[in-house]
Amino acid sequence: MTELDIINAIKTVYDPEIPVNVYDLGLIYKINIDGEKVVVDMTLTSPSCPMADYLVEGVRDAVLAVPGVRNAEVKLVWEPAWNLDMMSDEARFQLDLTKEGW
């Protein structure tokens, strides 16, 4: 398994309130692969996100589905705080956001 395999798996997880995957939203801060174990540091758009458990579990399940992964851990982190600049260009396009508009 490669980091790209993990990223592609994570890209299947969407925030149900925003039609963009969590990777392109910029919620994934770090991916650490150590043998068969993968640890993902992620954040949320807001500390009070009502879908926090759903998103964390979704990322964990997606990573566990990658061949070669036997253990997956998702750490919820708050530093740095998420902001719109963390989104990919594709995500901004999907949401019709431009730098001038925020």
Side-chain angles (χ1 to χ4, degrees):
M1 121 230 19
T2 66
E3 184 170 346
L4 184 56
D5 295 329
I6 303 301
I7 290 169
N8 286 334
I10 291 171
K11 283 186 170 189
T12 67
V13 180
Y14 283 75
D15 183 323
E17 297 177 338
I18 305 171
V20 176
N21 71 72
V22 297
Y23 189 84
D24 285 328
L25 275 175
L27 301 182
I28 305 301
Y29 286 173
K30 183 176 165 187
I31 298 170
N32 183 29
I33 301 171
D34 184 13
E36 297 178 334
K37 181 177 182 178
V38 177
V39 178
V40 177
D41 288 1
M42 75 174 285
T43 195
L44 301 170
T45 57
S46 165
S48 60
C49 175
M51 300 306 294
D53 292 340
Y54 170 84
L55 293 172
V56 169
E57 186 175 316
V59 169
R60 182 178 176 277
D61 290 347
V63 171
L64 279 172
V66 174
V69 176
R70 300 280 181 256
N71 188 340
E73 178 183 351
V74 178
K75 295 181 181 177
L76 203 51
V77 298
W78 302 108
E79 294 294 328
W82 181 86
N83 65 67
L84 292 173
D85 288 329
M86 294 174 169
M87 289 192 301
S88 70
D89 290 339
E90 182 178 330
R92 281 194 285 278
F93 178 78
Q94 285 178 298
L95 297 173
D96 197 27
L97 296 172
T98 60
K99 286 260 184 189
E100 298 81 37
W102 25 335

Do any N or O atoms from the side chain of D34 and from the backbone of K37 form a donor-acceptor pair under 3.5 angstrom? no
Just by modelled atom types, is the W78 backbone N or O under 3.5 Å from a matching donor or acceptor in the T43 side chain? no
OG1-CG distance between T12 and N21, expressed to the nearest 0.5 angstrom: 8.0 Å
CD-CG distance between E73 and D41, expressed to the nearest 0.5 angstrom: 8.5 Å
To the nearest 0.5 angstrom, please state how far the CD1 atom of I6 sits from the CD1 atom of I31. 7.0 Å
V13 and G58 have their tightest heavy-atom pair at CG2-O, 3.4 Å
The reported gap from SG in C49 to CD1 in I18 (rounded to nearest 0.5 angstrom) is 8.0 Å
Looking at every non-hydrogen atom in both residues, tell me the closest pair between Y54 and P16 and how far apart they are. CE2-CD, 3.7 Å
Might you work through the side-chain contact (heavy atoms from CB on, under 4.5 Å) test for V40 and K30, ending with a clear yes or no? CA-CA 6 Å; V40 177; K30 183 176 165 187; over 6 Å; no
Is there a path from V39 to I33 through hydrophobic residues (I, L, V, M, F, W, Y) whose side chains come within less than 4.5 Å of each other? no
Correct closest heavy-atom pair for V20 and Y14 would be C-CD2, 3.3 Å
Interatomic distance, D85 atom CG to R92 atom CZ [nearest 0.5 angstrom]: 6.5 Å
Would you say P80 and Y29 make side-chain contact, with heavy atoms under 4.5 Å? yes
Might you point out which heavy atoms bring L55 and D15 nearest each other, and give the distance in Å? CD2-CA, 3.8 Å
Identify whether F93 and L84 are in the same connected component of the hydrophobic contact network (ILVMFWY, side-chain heavy atoms under 4.5 Å). no
For atom CD of E57, decide whether the heavy atoms of other residues, nucleotides or ligands shown that lie under 6.0 angstrom number more than 12. no
To the closest 0.5 Å, what do you measure between CD (Q94) and CG (D89)? 11.5 Å
Membership question, hydrophobic clusters at under 4.5 Å side-chain separation (ILVMFWY): are I7 and V77 in the same one? yes
Heavy-atom pair of closest approach, residues D5 and M1: OD2-CA, 3.4 Å
Search all heavy atoms of M87 against all heavy atoms of W82 and return the closest pair with its distance. CG-CZ2, 3.9 Å
